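Predicted, not measured: the structure shown is a model, and the values here were computed from it.
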Amino acid sequence: MIMHNGSVRYLIFFQYLGTKYSGVMKAPPHQAVKGVQNYLEDAVRSLRPVNEVSLSLSVCQDAVRSLRPVNEVSLSISSRTDTGVHALGNSAHFDLQRQNGKPPFAEEVLVDALNFHLRPEPIRITRAYRVPGGFHARFRAVSRTYVYRLATGVTHHSCTPLTDANLCWGLRHIDLDVGAMRDAAALLVGTHNFSSFRALNSETPFKDPVKTLEKASLELGDAFVHKHFHRDIQFWELTFKSRSFLYKQVRRMTGALVAVGQGQMSVSGVKELLEAQDSQAYPHKLTSPPEGLFLTRVEYDRSDLQLYTQEDSQS
């Protein structure tokens, strides 16, 4: 039982459109373009407890009392995403201690209150859980799933429906060799040294390049307004699932698979690239752009998510 006069650790799941942000991670104060984490932490700092549950956001402002968190707020993000990359299911944990020994927030109250303070940013909290004090959002994750959205037959950016602007990679080619792409994707599944598919950064010397890719699939996708948008554009979705990924690994794998689909690289060429185990072997300018990439899911063992009833939270 977590004492009411101590801090409580929460795990939150959140979504965002990454177009206007420097990435999910916090940007330094001098940087003009902020990260999603900057806005999340500002929202937590602004928390004010609301009366009971189920208060609509339209009346939330009148229902709050000025009691903010006592502790310094710092979020630990589970999965890093870069500038322009989106998420439907990223996660993070943080500790929260309320003033005057007040009981912890109920999860649904926390979700509503954070979303109130995040307006009008394209960032939304979808779920919250109270978790043990030793829980870590990054290290306790058992898998992460990314989806990359492709649109074929896009001869000009204006051909893409507005609802998909900055949410897919528009390709001029109408036809992709889907069979070859699937054959190449199958080569990536399993445990491999993915050095050729990672971009170099300051963390490279400390990251093990050996990863186990559980899934790499290509399926038909759809426009968000397909039934109302009558143009010869076909959407596809590449899905990748693993416990963790290397820096830009998904975008590099996507770029290689699209090159196969367009006849610019052979299936055996992907195999040779994988076996090279050298980031410098990756062809120049083949990496897919960020706007088509979505982090769709971060999964945990159910035993790690200790759910508390609202009655317990308010007692």
So if you build clusters from Ile, Leu, Val, Met, Phe, Trp, Tyr with side-chain heavy-atom gaps below 4.5 Å, do [X] and [Y] land together?
X	Y	result
Trp169	Leu238	yes
Val109	Leu118	yes
Leu213	Val210	no
Met181	Leu273	yes
Tyr247	Leu188	no

Can you give me the closest heavy-atom contact between [X] and [Y], atom names plus distance?
X	Y	value
Ser279	Leu200	OG-CD2, 3.3 Å
Leu171	Gln262	CD2-NE2, 3.9 Å
Val24	Ser79	CG1-O, 3.7 Å
Gln37	Leu75	NE2-O, 3.0 Å
Cys159	Ile233	O-CD1, 3.2 Å
Leu11	Ala137	CD1-CB, 4.0 Å

Using a cut-off of 6.0 Å, state whether more than 12 heavy atoms not belonging to [X] lie near its atom [atom1].
X	atom1	value
Arg140	CZ	no
Leu220	CG	yes
Lys271	NZ	no

Derivation and outcome, side-chain contact (heavy atoms from CB on, under 4.5 Å), residues Gln15 and Thr126: CA-CA 7 Å; Gln15 58 182 328; Thr126 58; 3.6 Å; yes

Pi-cation contact, Phe13 with Arg127 (under 6.0 Å, within 45°):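 Yes.
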
Row check, Phe94 ring normal vs Arg9 NZ/CZ: under 6.0 Å, within 45°: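 Cation-pi check for Arg9 and Phe94: fails.
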
Calculate, to the nearest 0.5 Å, the distance between atoms [atom1] and [atom2] belonging to [X] and [Y] respectively.
X	Y	atom1	atom2	value
Leu246	Asn201	CG	CG	9.5 Å
Ser46	Leu114	OG	CG	9.5 Å
Glu108	Leu110	CD	CG	9.5 Å
Arg124	Leu17	CZ	CG	9.0 Å
Leu293	Asp82	CG	CG	8.5 Å
Leu274	Phe197	CG	CZ	5.5 Å

Has [X] got a side-chain atom pairing as donor or acceptor with [Y]'s backbone, closer than 3.5 angstrom?
X	Y	value
Thr83	Ser22	yes
Asn166	Thr19	no
His86	Phe294	no
Asp278	Ser195	no
Arg144	Arg243	yes
Ser78	Ser91	yes
Glu272	Gly269	no
Arg149	Leu167	yes
Asn115	Ile125	yes
Lys215	Val189	no

Can you tell if the side chain of [X] reaches within under 4.5 Å of the side chain of [Y], non-hydrogen atoms only?
X	Y	answer
Leu295	Leu88	no
Glu214	Ser143	yes
Arg80	Glu203	yes
Pro209	Arg198	yes
Tyr282	Gln280	no
Pro283	Met265	yes
Leu187	Val267	yes
Lys26	Glu41	yes

So, [X] versus [Y]: side-chain donor-acceptor pair below 3.5 Å or not?
X	Y	value
Asp175	Thr152	no
Tyr21	Glu121	yes
Asp301	Ser303	no

Val36/Phe14 under side-chain contact (heavy atoms from CB on, under 4.5 Å): CA gap, chis, key distance, verdict: CA-CA 10 Å; Val36 174; Phe14 57 98; 4.2 Å; yes

Kindly say whether the aromatic ring centers of [X] and [Y] come within a distance under 6.0 Å.
X	Y	value
Phe105	Tyr10	no
Tyr148	Tyr146	no
Phe194	Phe245	no

Salt bridge flag under 4.0 Å for residues Glu299 and Lys241: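 Counted as a salt bridge, because a side-chain N and a carboxylate O are separated by less than 4.0 Å.
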
Salt bridge flag under 4.0 Å for residues Glu107 and Arg130: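 No.
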
Val44/Leu40 under side-chain contact (heavy atoms from CB on, under 4.5 Å): CA gap, chis, key distance, verdict: CA-CA 6 Å; Val44 175; Leu40 289 172; 5.7 Å; no

Intermediate values then yes/no, side-chain contact (heavy atoms from CB on, under 4.5 Å), Leu96 and Ser7: CA-CA 5 Å; Leu96 190 62; Ser7 64; over 6 Å; no

The single option from Lys207, Arg138, Lys211 passing side chain to side chain donor-acceptor pair (under 3.5 Å) against Ser244: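 So the option named by the test is Lys211.
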
